[in-house]
Amino acid sequence: MSKNSSYWSANLKLVGLCMAIWFVVSYLFGIILVEPLNNVSIGGYKLGFWFAQQGSIYVFVALIFFYANRMGKLDREHDVHEDDD
Amino acid sequence: MSLQAMTYIVVGFTFALYIGIAIWARAGSTKDFYVAGGGVNPVANGMATAADWMSAASFISMAGLIAFMGYGGSVFLMGWTGGYVLLAMLLAPYLRKFGKFTVPEFIGDRYYSKAARIVAVVCLIVASVTYVIGQMKGIGVAFSRFLEVDYDIGLSIGMGIVFIYAVMGGMKGITYTQIAQYCVLILAYTIPAIFISLSLTGNPIPQLGLGSTMAGTDVFLLDRLDQVLRDLGFLEYTTNVRLSLTNMFMYTMSLMIGTAGLPHVIIRFFTVPKVKDARSSAGWALVFIAILYTTAPSVAAMARLNLIETIEPTPGEYMVYDERPDWIRNWEATGLLAFEDKNNDGRIVYSADAETNEMTKVDRDIMVLANPEIAGLPNWVIALVAAGGLAAALSTAAGLLLAISSAISHDLLKGVFKPEITEKQELLASRIAMAGAILLAGYLGFNPPDFAAGTVALAFGLAASSIFPALMMGIFYKRMNKEGAIAGMIAGLGVTLFYVFQHKGIMFIASTAFLGDLSPNWFLGIEPNAFGAVGAIVNFAVAFVVAKLTAAPPKEIMDLVEHIRVPAGAGAASAH
């Protein structure tokens, strides 16, 4: 099972990284740090407000595709991918 | 052509389309009924998931709530999109690998226990029925407006249509119909937003328009809105925190975890051909969802501004009641919008001060439907919005009812109590279960606990506190055993339900609330709609402690967990 366990720990590392980014753009920038970030503006948007109502969503989308892509590579590297048909 | 005739034509046409597709793709076997034969392309599946996901709460209700909550409404935007990240990374690929039909089936097998499966069915039904109540509220609002009848009559008609619609098709019919519904609802949402953004800011892209200056001036739209609201005595739009940052944090968390715990969404990922597809399918679903979710903040802010400018066209000069526009008259007929000329001057004052405010009732759920009328857009746009709202409500109601009925017929009857029933009897049982769920949810929908999106938020809290932790620990914590999982689900759901009922009333009947629905009575200032995150923490904690104190799961379960952690060797979804 050692092949699978190195695959699993690589997976957990990747998930950990993605979850950290997920937390930062929504909870940290959109809620916890919203007040200081609102002192910065991009166009007519206050930055904290922008993260809460726009930016976090764009990052979420990119994050899932990044994860799916990296996992596809991990599957092959560790030879646990599904059969091609 | 009159607006009403136009609405009938557009709504009638879209309905004919959905029903046509449902008949064309009628479910033949139980397997087709539940999961469409496991052969749906990830992009198509993503689009159908998006339609399934975006309900009356997203379409009809959310922007209206944000319009009045401002920054505080961000909880819905982040909460209902961020959950897909959890779903894609923590659940979807593994549940796809496991390859069964329903969520309780996974829980029953993973925790080697019929009791766990039954508890999961109960959690699923509680969360899903609450969710359907929210849909019923949205459907009631939409029908009452376009048939120009009272809300209660609109709701009754809506129940009938949902019944016919959901009972006819299964998952396969629903998958193709939902792709059509997604197209209708996204056009209906973005077209008026583009028109309004263009007329207010000169920028046709609503996401950019919201950050632009008002057309012909150098004042930013959001600054203008903040200014107007301050003048009326309201809090600023862009900094208006919902109760507290702690509450917003928990609210967002509850919605995110709930997203990843709702059976009708999870079930979607059983229908893709491969594990790899389950990951990208979640991404595609979120792309299609994000189109609406990034447009919603613009719709919200612009609708609030347009509403205020209708009531007060120039500062200090209020609208004359007898000269009110048609849209106000039409909405007054539904009982969801009301005015009271307190100072008898024939004009309508809108103010933050309850003493002088004369717009005494604005149901938040009317804002999106009324928005194109407020902005004076052509009739065909208004008709399209009505059709879009109904598409959103129907597609989600159908998906939820399918999850409820499959839990009862497949998990309870076939899986536990009467394994010998035939496929035909199982299908019949699931249709009876659907009818029962519609009646119950419709009945509770006559006096919903909150606006549509608020009611749906409660449902998310219930899913977050019960189902998500059991699923996640089932995959990521091999040592989790049946005792822990069952105790966790019961504790999480119990705590959340208790908190919600004590503030919102038992079964949401407000008069039975034994603690008032007011913030001083709230634990740590967390509102009931946001309590699911606390319930989830309780679930994890109880499960962990109980699992430590009881025997480890058997070897074959440990092997099962190892097996679902790697993609290799996944077959199509199978019955047993």
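Computed from heavy atoms alone, side chains included, the values below leave out hydrogens, waters and symmetry copies. Below, read A as the first sequence line, B as the second, and so on, with proteins coming before strands; counting in each chain starts at 1.
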Report which part of [X] has an atom under 4.5 Å of a heavy atom belonging to chain B: side chain, backbone, both, or neither.
{"X": "A:S26", "answer": "both"}
{"X": "A:F66", "answer": "neither"}
{"X": "A:N11", "answer": "side chain"}
{"X": "A:L12", "answer": "side chain"}

Look up atom [atom1] in [X] and atom [atom2] in [Y], then write down how far apart they are to the nearest 0.5 Å.
{"X": "A:I57", "Y": "B:L292", "atom1": "CD1", "atom2": "CG", "result": "9.5 Å"}
{"X": "A:H81", "Y": "B:K276", "atom1": "NE2", "atom2": "NZ", "result": "9.0 Å"}
{"X": "B:E562", "Y": "A:S5", "atom1": "CD", "atom2": "OG", "result": "8.0 Å"}

For this session: Look at the side chain of A:E82 and the backbone N and O of B:K274, then say whether any donor-acceptor pair between them is shorter than 3.5 Å.
Result: no

Would a 4.5 Å heavy-atom cut-off, applied to side chains only, mark [X] and [Y] as touching?
{"X": "A:K46", "Y": "B:T239", "result": "yes"}
{"X": "A:I31", "Y": "B:M78", "result": "yes"}
{"X": "B:R279", "Y": "A:D75", "result": "yes"}
{"X": "A:W22", "Y": "B:M256", "result": "yes"}

Exercise. Do A:F60 and B:Y84 make the cut of ring centroids closer than 6.0 angstrom?
Worked result: no

Exercise. Do the ring centers of B:F476 and A:W8 come within less than 6.0 Å of each other?
Worked result: yes

Problem set entry | Segment of B:L90 engaging chain A (4.5 angstrom heavy-atom cut-off) | side chain

Problem set entry | Engaged part of B:D226 at the chain A interface, taking heavy atoms whose separation is under 4.5 Å | side chain

Seminar exercise, completed: Most contact-rich option vs chain B, by heavy-atom pairs under 4.5 angstrom, among A:Y27, A:Y45, A:W50, is A:Y27

Seminar exercise, completed: Looking only at A:N38, A:V61, A:L14, A:I42, most heavy-atom pairs under 4.5 Å shared with chain B are made by A:V61

What closest approach, in Å, do [X] and [Y] show between heavy atoms, and which atom pair accounts for it?
{"X": "A:Y7", "Y": "B:P567", "result": "OH-CD, 3.3 Å"}
{"X": "A:G44", "Y": "B:L222", "result": "O-CD1, 3.6 Å"}
{"X": "B:Q207", "Y": "A:Y58", "result": "CG-OH, 3.4 Å"}

Problem set entry | Test log, rule side-chain contact (heavy atoms from CB on, under 4.5 Å), inputs A:Q53 and B:I66 | CA-CA 10 Å; A:Q53 300 214 337; B:I66 299 170; 3.9 Å; yes

Top residue by heavy-atom pair count (under 4.5 Å) with chain A, among [options]?
{"options": "B:A88, B:P93, B:A282", "answer": "B:A88"}
{"options": "B:D223, B:L208, B:L86", "answer": "B:L86"}
{"options": "B:L210, B:T213, B:L221, B:V287", "answer": "B:L210"}

Problem set entry | Worked check of side-chain contact (heavy atoms from CB on, under 4.5 Å) between A:I32 and B:L245 | CA-CA 7 Å; A:I32 298 169; B:L245 288 179; over 6 Å; no

Problem set entry | Sole residue of A:L63, A:V15, A:V59 in side-chain contact (heavy atoms from CB on, under 4.5 Å) with B:V85 | A:L63

Exercise. More than 12 non-hydrogen atoms from neighbouring residues, nucleotides or ligands closer than 6.0 Å to CD on A:E35, yes or no?
Worked result: no

For this session: Compute whether any side-chain donor of one residue and acceptor of the other, for A:Q54 and B:T294, lie under 3.5 angstrom apart.
Result: no

For this session: Hey, can you tell me if A:F65 and B:W284 have their rings parallel, tilted or perpendicular (30° and 60° cut-offs)?
Result: perpendicular

For this session: Look at the rings of A:F49 and B:Y71 and say which category their plane angle falls in: under 30° parallel, 30 to 60° tilted, over 60° perpendicular.
Result: tilted

